[in-house]
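Remember, it's 1-based here, ligands and their atoms both numbered in the order they're listed.
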Amino acid sequence: IVRYASFRNVEIIPEIDLPGHSQTATSVYPETFCGNDSGSEYAPEEMRNVLCAAREENFDMLRGIIHEIAALFPSECIHIGGDEVSLKYWKNCPRCRALMKSKGMKSASELQDYFIGRLEEIVHDEGKICGAWNEAMQHGTLSPSTVVYGWKDTDACAQAVRKGYPTVMMPASYCYIDMKQHPWDRGHTWAWLVDTRRVYDFDPADTGIGAEGLKKVRGVEAAQWAELLDRPERFVEYQGYPRICALAELGWTKRELRRWEDFRDRLKNGHLDRLGAMGIRFRTDPPQVRYAKGTITVRQTTPGSEIRYSPDMNEPTADSPLYRAPIRTDRPERYRFRAFYRGGMSTVVEPVAASLDVSLAPGEQKTVTLPLDEYVDRDGIWLLSLTQRGDDATIVRLEATGPDTAYCIIRNGQKVNPFNDLRLYADERNRTAALNVTLRNNAARPDEITLNLRPSA
Ligand code: ACM
Ligand code: ZN
C-alpha cells in the first residue's frame with residue numbers, strides 16, 4: 001500500500017484508535033480492559049470501549065505496536081485516535097481510580113489527557129509526531145506538534161485552530177462520505193445528507209478562523225468508515241466517487257476559482273469518463289422521473305447515460321429493461337429507475353408527481369402552495385419529502401385547505417429532515433385541497449429546499 005501510494009505522491013498515515021474504540025483488543029485480550037470492584041470483567045465485549053489506563057502492561061503493548069507501525073509507514077505522523085472514549089469504565093475501575101488519586105486528578109477526563117500524553121511520548125520516542133481527533137485537545141495538555149483532526153463539527157475545527165494546533169478539517173456533516181448522498185441511498189444519516197455538492201460547498205474559511213487561522217489548516221479530509229460498505233458489491237466506489245473528487249478540488253483550488261456549476265460540468269463532460277476508463281464504479285446523478293395523468297416520463301441528467309427500470313419495485317440492474325419512451329401505467333408507485341453511465345450508476349429513484357424548488361435567503365420565511373388536484377389522481381397514501389442543500393431550516397406550518405377541507409398537519413414547526421417523508425392520506429375531500437407549506441431558513445447561508453410529492457405503494 002505504501003509503495004503504491006508513494007508512486008502516486010500519496011502519503012499513508014496509519015491510525016491506531018486509542019484508548020477508546022478498542023473493543024476488538026479488549027475482547028481478544030480481556031486483561032487489557034478495566035476491572036471492577038470485584039476484580040472481574042463486567043461489560044459485554046461489544047461495550048468494552050477503552051483500554052485500562054492504569055495497567056502498565058498496556059503501555060508496553062502499545063509501545064510495541066507503535067514501534068512496529070513506525071517502521072512500516074514512512075509518514076512523519078502516526079494518528080493515535082483519542083475520540084469517543086467511554087469514561088465510565090475508568091471511573092469504576094479500582095486500578096484507574098487509584099492512579100487518578102495518586103496523580104491528584106479530579107476527573108476521568110484528566111485520565112484521558114494522561115493516556116494521550118503517554119501515547120505522544122511513545123510516538124515522539126520513535127521520532128514521529130502524533131495526529132489525534134478533536135476530543136484529545138479538550139484541556140490544552142496536547143503537545144503543540146500534534147495535528148488535530150476536527151471531525152465533530154465546524155466548531156471543533158475552529159477550536160483546534162484557535163488553540164494553535166495544526167489542523168485537518170473534516171467536519172462530519174460535510175466530509176463524512178459514509179453518509180447517504182440521497183435520502184433513498186444506503187448509508188448513515190447521523191451527520192446529515194452529504195452529497196457531492198455539499199462536500200464541494202465546504203470551506204475551512206467559513207469556520208470563522210480568519211486569515212491568520214487559515215495558516216494553521218493543514219488541509220481537508222474525507223472519512224469513509226467501512227461498516228456499511230459490505231454491500232452491494234463495490235459500494236465503496238459508489239460512496240467514494242465523485243465525492244473524493246470534490247474534496248480534492250476543495251483542497252487544492254483557491255476559493256475564487258471554485259464554482260459548483262463549473263465542477264459539475266467538468267465531471268459530466270470528461271471526468272466521469274476518466275473514472276469509468278479507470279474501472280471505477282462511481283455514482284452518477286439519478287434521472288428525473290415524473291408521473292402525471294397515467295404516464296411516467298424520464299429525463300436523463302447525465303448526457304449519454306442509459307436509464308433502466310423495473311415495474312415491480314425491484315432495484316434496476318444493468319440487465320433491466322431500457323427506458324425508451326414514456327410509460328403508461330396506473331401503478332406508478334411500483335416503478336423504479338436508475339441511470340447507468342460508463343460503469344457508474346445512480347441512486348434508485350421512484351416517480352415523483354410534483355416537484356417544487358424553494359430558494360430561501362438567510363433568515364427568510366416563505367409560504368409555497370402545492371395544488372393537490374393537479375397531481376393527486378387516486379385515494380391513498382402520498383409521500384411529501386423535503387430535501388435541502390443546507391442543514392438548518394424549519395417547516396413552520398403545513399396545512400391543507402380547500403372547499404371541503406381545512407386542517408393543519410404541522411402547526412408548531414418541525415426541522416426539515418430529508419430522511420423523513422411526511423405521509424398524507426388522500427381521499428375525495430382533500431384531493432381538491434391545496435397544501436400550504438411555510439418554510440424558514442435559520443442558517444446564515446442561502447438554502448434551497450425541494451419539495452417532492454409521490455404516490456406510495
Ligand atoms: C469519529 O468519527 N469518531 C472520528
Ligand atoms: Zn482501568
Side-chain angles (χ1 to χ4, degrees), residues 13-26 29-43 47-62 77-103 105 107-116 118 130-138 142 146-157 159-160 165 167-179 187-192 194 220-229 239:
I13 299 174
E15 179 196 359
I16 307 283
D17 203 344
L18 300 162
H21 280 284
S22 297
Q23 294 94 327
T24 314
T26 55
Y29 303 105
E31 66 279 14
T32 62
F33 186 54
C34 286
N36 67 4
D37 287 318
S38 62
S40 58
E41 299 107 31
Y42 55 97
M47 301 290 288
R48 294 179 204 165
N49 168 281
V50 291
L51 295 172
C52 181
R55 196 173 173 272
E56 216 30 55
E57 297 93 321
N58 280 358
F59 293 102
D60 296 338
M61 172 186 82
L62 293 174
C77 179
I78 294 181
H79 196 306
I80 50 159
D83 61 319
E84 299 182 303
V85 177
S86 305
L87 301 177
K88 63 179 173 182
Y89 300 114
W90 289 347
K91 287 180 190 164
N92 286 320
C93 169
R95 285 191 306 255
C96 284
R97 282 208 306 264
L99 178 65
M100 284 170 62
K101 197 167 169 201
S102 76
K103 296 204 174 284
M105 294 176 186
S107 71
S109 68
E110 286 177 71
L111 201 51
Q112 181 174 346
D113 296 340
Y114 162 83
F115 205 119
I116 300 284
R118 294 283 308 263
C130 288
W133 298 114
N134 54 250
E135 289 99 317
M137 64 167 171
Q138 303 184 88
L142 199 64
T146 295
V147 180
V148 172
Y149 287 68
W151 70 275
K152 191 90 188 160
D153 48 31
T154 51
D155 280 351
C157 295
Q159 259 187 51
Y165 292 108
T167 302
V168 174
M169 290 203 177
M170 47 186 308
S173 78
Y174 293 92
C175 297
Y176 269 35
I177 60 173
D178 50 342
M179 295 300 134
H188 286 295
T189 58
W190 61 263
W192 204 236
V194 181
V220 289
E221 181 172 313
Q224 193 177 35
W225 309 109
E227 65 266 33
L228 290 186
L229 296 179
Q239 288 289 66

Problem - side-chain contact (heavy atoms from CB on, under 4.5 Å) partner of W133, chosen from K152, E84, H79 - result: H79

Show me the short polar-atom pairs for ligand 1: any N or O of it lying under 3.5 Å from a protein N or O, with distances only.
unit_1, atom_1, unit_2, atom_2, d
ligand 1, 2 (O), Y176, OH, 2.7
ligand 1, 3 (N), D83, OD2, 2.6
ligand 1, 3 (N), E84, OE1, 2.9

Exercise for the section: Please report how many protein N/O/S atoms lie under 2.8 Å from the Zn ion (ligand 2). Expected result: 4

Practice task
Using a 4.5 Å cut-off on heavy atoms from C-beta on, say whether the side chain of I116 contacts that of P19.
Solution key: yes

Handout entry: CA sep, side-chain torsions, deciding dist, call: M170, Y149, side-chain contact (heavy atoms from CB on, under 4.5 Å)
Key = CA-CA 7 Å; M170 47 186 308; Y149 287 68; 3.9 Å; yes

Exercise for the section: Indicate yes or no: does R118 engage E56 in a salt bridge with an N to O separation below 4.0 Å. Expected result: yes

Practice task
Let me see the working for V85 and F115 under side-chain contact (heavy atoms from CB on, under 4.5 Å), right down to the final yes or no.
Solution key: CA-CA 11 Å; V85 177; F115 205 119; over 6 Å; no

Practice task
Take M100 and E110, measure what side-chain contact (heavy atoms from CB on, under 4.5 Å) needs, and give me the verdict at the end.
Solution key: CA-CA 8 Å; M100 284 170 62; E110 286 177 71; over 6 Å; no

Practice task
With the side chain counted from C-beta on, respond yes when Q112 and E135 share a heavy-atom pair under 4.5 Å apart, and no when they do not.
Solution key: yes

Problem - L99 and W90, any side-chain heavy atoms less than 4.5 Å apart - result: no

Handout entry: Min side-chain heavy-atom separation Q159-N134 under 4.5 Å
Key = no

